[in-house]
Amino acid sequence: MKIEKTEVVIIGAGPSGSVAAGILRKQGRQVLILEREEFPRFSIGESLLPQSMQYIEEAGMLRDVVEAGFQYKNGASFVRGDKYTDFDFREKFSQGWGTTYQVQRAHFDHVLALAAERMGATLRFRHAVESVDVSGPTPELTARGPDGEPYRVQARFLLDASGFGRVLPRLLSLETPSNFPVRGALFTHVEDRVAPGTFDRSKIRITVHPQHVHVWYWTIPFSNGRCSLGVVARREYLEQFKGTETERLKAIVAEDPSLSGLLKDAVWDTPARAITGYAANVKSLWGNGFALLGNAGEFLDPVFSSGVTIAVKSASLAAKCIAREFAGEKVDWEADYAVPLKGGVDTFRTFVESWYQGGFQDVIFHPNASPEVRKMISAILAGYAWDKENPFVADSKRRLGVLEKLCAA
Ligand code: FAD
């Protein structure tokens with residue numbers, strides 16, 4: 001079997017893989033990306049957070065993203081019954097980007113992958129990684145391209161950016177169950193036909209179901225008059241609705257008067273899809289000559305649109321560790337990669353758990369919130385979950401717990 005050699009091999013050309021490739025190319029590294037699909041291909045995860053812009057910029061891909069014509073985003077709005085609140089991410093506690101985009105992922109991921117290629121990475125679509133061996137001094141994998149012939153790749157370092165493909169967690173038995181209940185989502189794209197002025201297209205709109213605190217909908221407007229529409233709920237709730245995925249999604253949207261009113265003229269021209277049990281975790285985010293990026297490691301929950309931000313943050317942290325390792329330094333991957341990455345993920349986890357219990361919903365809909373506290377919350381919703389200057393990051397469980405009690409009173 002043919003053997004190729006490279007410095008860094010990356011499995012998957014989603015946001016984590018392409019951003020890692022960009023940063024490594026800026027370090028002058030030889031990079032090979034193997035992507036199972038042909039791009040553009042559909043992917044879920046369309047609302048970015050401003051914090052992600054820092055890593056897109058670090059990867060040298062900012063201009064590619066800015067010039068792609070995506071929908072400008074400056075915040076998030078929340079609706080529950082007759083209550084409405086919104087957060088402008090430019091008014092936030094942490095320093096850094098306050099705006100970002102809402103993106104069709106087929107296009108966005110393609111833009112990033114082509115940017116990585118422009119920067120000198122070798123990018124191969126329709127090359128699936130089938131097996132890995134990390135027992136030797138350097139990692140090795142076997143892949144198969146469109147000609148059907150398997151080949152081996154030896155690299156100094158292997159990054160698994162395979163997302164829900166979870167290549168290394170499966171092959172190396174690294175998977176551990178998430179401690180979240182099994183939730184699922186039904187989603188589609190519609191031509192929304194929302195009259196101008198009735199809806200702030202520069203914000204994701206999160207609608208809480210009028211009766212069920214654990215059921216919520218997303219509406220993510222795009223720049224072309226269309227929007228992504230989805231609902232997230234526990235599996236048992238979704239299973240009550242029968243029919244095609246589109247019929248089920250329509251029936252659940254009809255349960256919320258404000259959302260169904262907003263979308264009354266929408267054209268449902270794309271069959272809905274379903275995904276269940278996406279929350280995932282691993283025993284370790286790294287091992288002998290490899291690290292897991294983005295969703296190949298842990299995936300929490302979509303409610304705060306944190307997935308792509310965590311993915312590109314992981315890419316940045318891992319690329320820095322690789323730079324040091326290649327420079328001959330001894331890198332402690334637990335202390336320098338896993339622990340810092342998980343710090344922010346755990347901040348999001350605290351807020352996600354509180355969201356589903358209803359406490360964080362009471363906080364954001366509270367009519368008399370202090371402007372300073374709102375700025376701290378806004379920073380977290382904008383993705384600045386690693387900024388320890390923010391008391392709601394440094395001590396998130398306790399701080400949020402106190403705030404929940406105040407807002408419930
Ligand atoms: P992916 O984007 O999944 O990319 C992985 C790539 O690896 C894919 O292209 C795949 O084809 C490739 N691959 C897989 N297996 C192999 C193989 N064997 N060989 C080669 N290539 C392979 N995040 C947000 O930021 N905002 C949101 O609004 C949002 N909404 C979401 C809604 C739902 C319902 C869900 C489930 C998730 C949502 N997310 C959201 C999360 C987001 O989808 C992910 O966090 C993000 O895509 C992770 O990026 P990644 O680069 O790790 O992996």
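This one's a predicted model, so the numbers in the text were calculated from it and none came from an experiment. Note that these values count all heavy atoms, side chains included, but never hydrogens, waters or copies made by symmetry.
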Quick check against the 3.5 Å criterion: does [X] have a side-chain atom that pairs as donor or acceptor with the backbone of [Y]?
| X | Y | result |
| --- | --- | --- |
| Thr188 | Thr270 | yes |
| Ser162 | Val167 | yes |
| Asn288 | Val134 | yes |
| Glu37 | Phe39 | no |
| Glu404 | Gly359 | no |
| Glu247 | Thr244 | yes |
| Ser260 | Asp256 | yes |
| Glu191 | Asp269 | no |
| Ser314 | Gly294 | yes |
| Ser378 | Glu91 | yes |

Steps toward salt bridge (charged side-chain N to carboxylate O under 4.0 Å, His left out) verdict (Asp346, Lys342): CA-CA 6 Å; Asp346 285 343; Lys342 283 185 199 164; over 6 Å; no
Would you please test Asp387 and Phe93 for side chain to side chain contact (heavy atoms under 4.5 Å, CB included) and show each step? CA-CA 9 Å; Asp387 175 14; Phe93 175 86; 4.0 Å; yes
Ring pair (Phe, Tyr, Trp, His ring centres under 6.0 Å) pairs touching residues 265-285, sequence neighbours excluded, are Tyr278-Phe299
For residues 317-325, dump all side-chain donor-acceptor pairs below 3.5 Å to protein atoms at least two apart in sequence or in another chain.
from, atom 1, to, atom 2, distance (Å)
Lys320, NZ, Glu58, OE2, 3.1
Lys320, NZ, Ser316, OG, 2.9
Arg324, NE, Glu329, OE1, 2.9
Arg324, NH1, Asp336, OD2, 3.1
Arg324, NH2, Glu329, OE1, 3.3
Arg324, NH2, Asp336, OD2, 3.2
Glu325, OE1, Trp333, NE1, 2.8

- Do Arg29 and Phe326 meet the cation-pi criteria used here (NZ or CZ under 6.0 Å from the six-membered ring centre, within 45° of the axis)?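 No, Arg29 does not lie over the aromatic ring of Phe326.
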Is Arg183 close enough and on-axis enough to Tyr356, meaning under 6.0 Å and within 45°, for cation-pi? yes
Taking atom types as modelled and ignoring hydrogens, do the side chains of Glu334 and Trp286 form a donor-acceptor contact shorter than 3.5 angstrom?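 A pair is found: one side chain offers a donor N or O, the other an acceptor, under 3.5 Å apart.
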Which distance, rounded to the nearest 0.5 Å, do you find between the [atom1] of [X] and the [atom2] of [Y]?
| X | Y | atom1 | atom2 | value |
| --- | --- | --- | --- | --- |
| His189 | Phe42 | NE2 | CZ | 4.5 Å |
| Ser354 | Gln361 | OG | CD | 8.5 Å |
| Arg90 | Thr99 | CZ | OG1 | 7.5 Å |

CA sep, side-chain torsions, deciding dist, call: Ser258, Thr207, side chain to side chain contact (heavy atoms under 4.5 Å, CB included) = CA-CA 9 Å; Ser258 77; Thr207 310; 4.1 Å; yes
- Salt-bridge criterion met for Asp362 and Arg80 (N-O under 4.0 Å): yes
Query - Derivation and outcome, side chain to side chain contact (heavy atoms under 4.5 Å, CB included), residues Trp386 and Ile310 - result: CA-CA 10 Å; Trp386 290 266; Ile310 293 169; 3.9 Å; yes
*For Glu4, does the CD atom have more than 12 heavy-atom neighbours from other residues, nucleotides or ligands under 6.0 Å away?*
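Yes, the 6.0 Å shell around CD holds more than 12 heavy atoms from other groups.
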Counting only heavy atoms not in Lys26, do more than 12 sit closer than 6.0 Å to its NZ atom?
yes
| message | Would you say that Pro15 contacts Arg105 through its side chain, given a criterion of any heavy-atom pair below 4.5 Å between the two side chains? | response | yes
Ring centres of Phe360 and Phe78 under 6.0 Å apart? no
Check for me whether the distance between the ring centres of Phe241 and Tyr237 falls short of 6.0 Å.
yes
